[in-house]
Amino acid sequence: MARVGFIGLGNMGGGMAANLAKAGHDVAAFDLSEEALSRAEAAGCRRADSAAAAADGAEAVVTMLPAGTHVAHVYADALGGTPPGAILIDCSTIDVATARSVAQAAQARGLQAVDAPVSGGIAAANAGTLTFMVGGTDDGFALAEPFLSQMGKAVIRAGASGAGQAAKMCNNMILGATMVATCEAFALAEKLGLDARSFYDIASVSSGQSWSMTSYCPVPGVGPTTPADNGYQGGFAAALMLKDLRLAVAAAEDVGAQVPMGARARELYEAFVADGQGTTDFSGIIRTLG
Ligand code: NAD
């Protein structure tokens with residue numbers, strides 16, 4: 001079993017660190033939040049006083065932080081005591097450029113680094129059933145894979161450094177756009193006098209079907225149980241969807257890709273979040289489309 005440093009013990013990282021401890025690793029955990037640290041301790045991790053203390057002597061350092069700036073700062077400050085050959089695994093959702101620069105800086109110090117953002121929410125983080133999409137070298141992937149498979153049900157190599165983040169933002173751009181389209185269709189169906197359940201029965205087995213329709217239906221009482229059945233609480237916060245759409249649209253601008261649907265979805269989530277709905281589940285945007 002390994003010495004692991006885990007930095008960022010929030011909604012996602014808390015459960016992920018707990019699963020590494022459960023797998024028998026010696027997990028030194030750090031977060032700026034005292035509450036998060038106490039939860040991690042209760043879940044079998046060892047409390048570290050700083051990011052550098054968590055990473056000191058670690059064979060693997062895992063980060064699950066809000067955004068690219070946090071990741072860049074933590075890795076710039078924390079790696080003094082990390083032994084050569086250690087693997088840095090950033091599971092946060094961040095921009096491709098930061099992921100690549102973290103990996104380059106790590107390699108310059110004799111460390112390996114992969115970007116390994118996740119699909120799956122808090123429940124999957126707690127249950128150890130996340131999907132990881134991994135960007136990095138062959139050696140980096142080989143070192144990271146055993147740790148990732150103890151936190152997830154699938155570990156998929158996306159390509160070179162930054163490819164995991166590219167896959168994540170492209171996937172979530174589809175998700176944002178299909179959710180808005182699904183919400184629009186239910187709102188239109190209602191105005192056309194169609195019963196929501198009848199429309200679901202048809203569209204869920206027709207060409208309008210998508211994950212947003214059949215796994216995450218935005219209409220309460222229709223399809224499987226989803227955040228819509230819980231007043232749009234829990235689930236995937238609209239602010240996080242907006243963050244991912246901003247990353248995707250910014251990346252598209254960088255490389256000259258045309259993403260008109262992604263850009264429109266971003267505008268709609270900008271307005272939703274500006275209206276104070278940042279913590280509402282992202283499917284709650286249906287309430288603006290009636
Ligand atoms: P969160 O805000 O709950 O957790 C982030 C944690 O990082 C917080 O506890 C915060 O105190 C800590 N932190 C911030 N700066 C720090 C620093 N310098 N040193 C140590 N700790 C620091 O966020 P989350 O929901 O756990 O999401 C984490 C990442 O996972 C994000 O990039 C998010 O986009 C991504 N993600 C989230 C979900 C989800 O459903 N919540 C799903 C997939 C991906």
Side-chain angles (χ1 to χ4, degrees), residues 5-19 27-41 43 45 47-55 61-79 88-96 98-99 102 115-134 148 151-154 164-165 167-173 175-176 179 211 215-216 226-227 232-248 250 269 273 278-283:
F6 203 113
I7 302 160
L9 307 163
N11 288 324
M12 298 291 291
M16 293 163 68
N19 284 326
V27 181
F30 177 67
D31 193 289
L32 297 175
S33 149
E34 178 55 39
E35 197 190 324
L37 274 171
S38 302
R39 268 200 313 270
E41 247 186 335
C45 301
R47 174 189 289 251
D49 291 335
S50 65
V61 178
V62 185
T63 40
M64 193 53 165
L65 295 161
T69 49
H70 307 88
V71 174
H73 279 124
V74 163
Y75 283 127
D77 294 346
L79 298 177
L88 313 182
I89 306 172
D90 179 40
C91 299
S92 326
T93 303
I94 68 169
D95 57 288
V96 171
T98 302
V102 162
D115 47 292
V118 308
S119 179
I122 299 161
N126 290 334
T129 56
L130 293 165
T131 293
F132 292 92
M133 37 205 110
V134 187
L148 294 173
M151 298 185 282
K153 66 172 181 341
Q165 297 297 350
K168 168 77 184 173
M169 70 181 66
C170 291
N171 179 75
N172 279 25
M173 188 175 74
L175 177 62
M179 179 54 79
W211 188 89
S215 295
Y216 216 92
T226 65
Y232 301 98
Q233 296 310 301
F236 186 46
L240 288 176
M241 173 47 80
L242 174 58
K243 176 193 151 183
D244 293 353
L245 287 166
R246 283 177 174 158
L247 285 172
Y269 278 103
V273 171
T279 58
T280 301
D281 180 75
F282 80 118
S283 65

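Note that ligands are numbered from 1 as they come in the structure, with each ligand's atoms numbered from 1 the same way.
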Should [X] be listed as contacting ligand 1, given a heavy-atom distance under 4.0 Å as the test?
X	value
Lys243	yes
Ala51	no
Gly120	yes

Discussion item. Just by distance, no angles: are the side chains of Tyr216 and Asp281 close enough, under 3.5 Å, to form a donor-acceptor pair?
Written reply: yes
Discussion item. Just to be sure I'm reading this right: ignoring hydrogens, which of Ile122, Val71, Leu65, Asp244 gets closest to atom 31 (C) of ligand 1? Compare them by their nearest heavy atoms.
Written reply: Leu65
Fill in: Option whose closest heavy atom lies nearest to atom 11 (O) of ligand 1, chosen from Asp77, Ile7, Leu32, Asp31
Asp31
Please work out whether any backbone atom (N, CA, C, O) or any side-chain heavy atom from C-beta onward of [X] is under 4.0 Å from ligand 1, and answer side chain, backbone, both or neither.
X	result
Met12	both
Ile94	neither
Ala237	neither
Lys168	side chain

Item to complete: Apply salt bridge (Lys or Arg N to Asp or Glu O under 4.0 Å) to Arg246 and list each qualifying residue two or more places apart in sequence or on a separate chain.
Response: Glu270
Worksheet item: Does any N or O atom in Thr93 lie less than 3.5 angstrom from one in ligand 1, N or O only?
Response: yes
Worksheet item: Taking both backbone and side-chain atoms of Asn11, is any N or O found less than 3.5 Å from an N or O belonging to ligand 1?
Response: yes
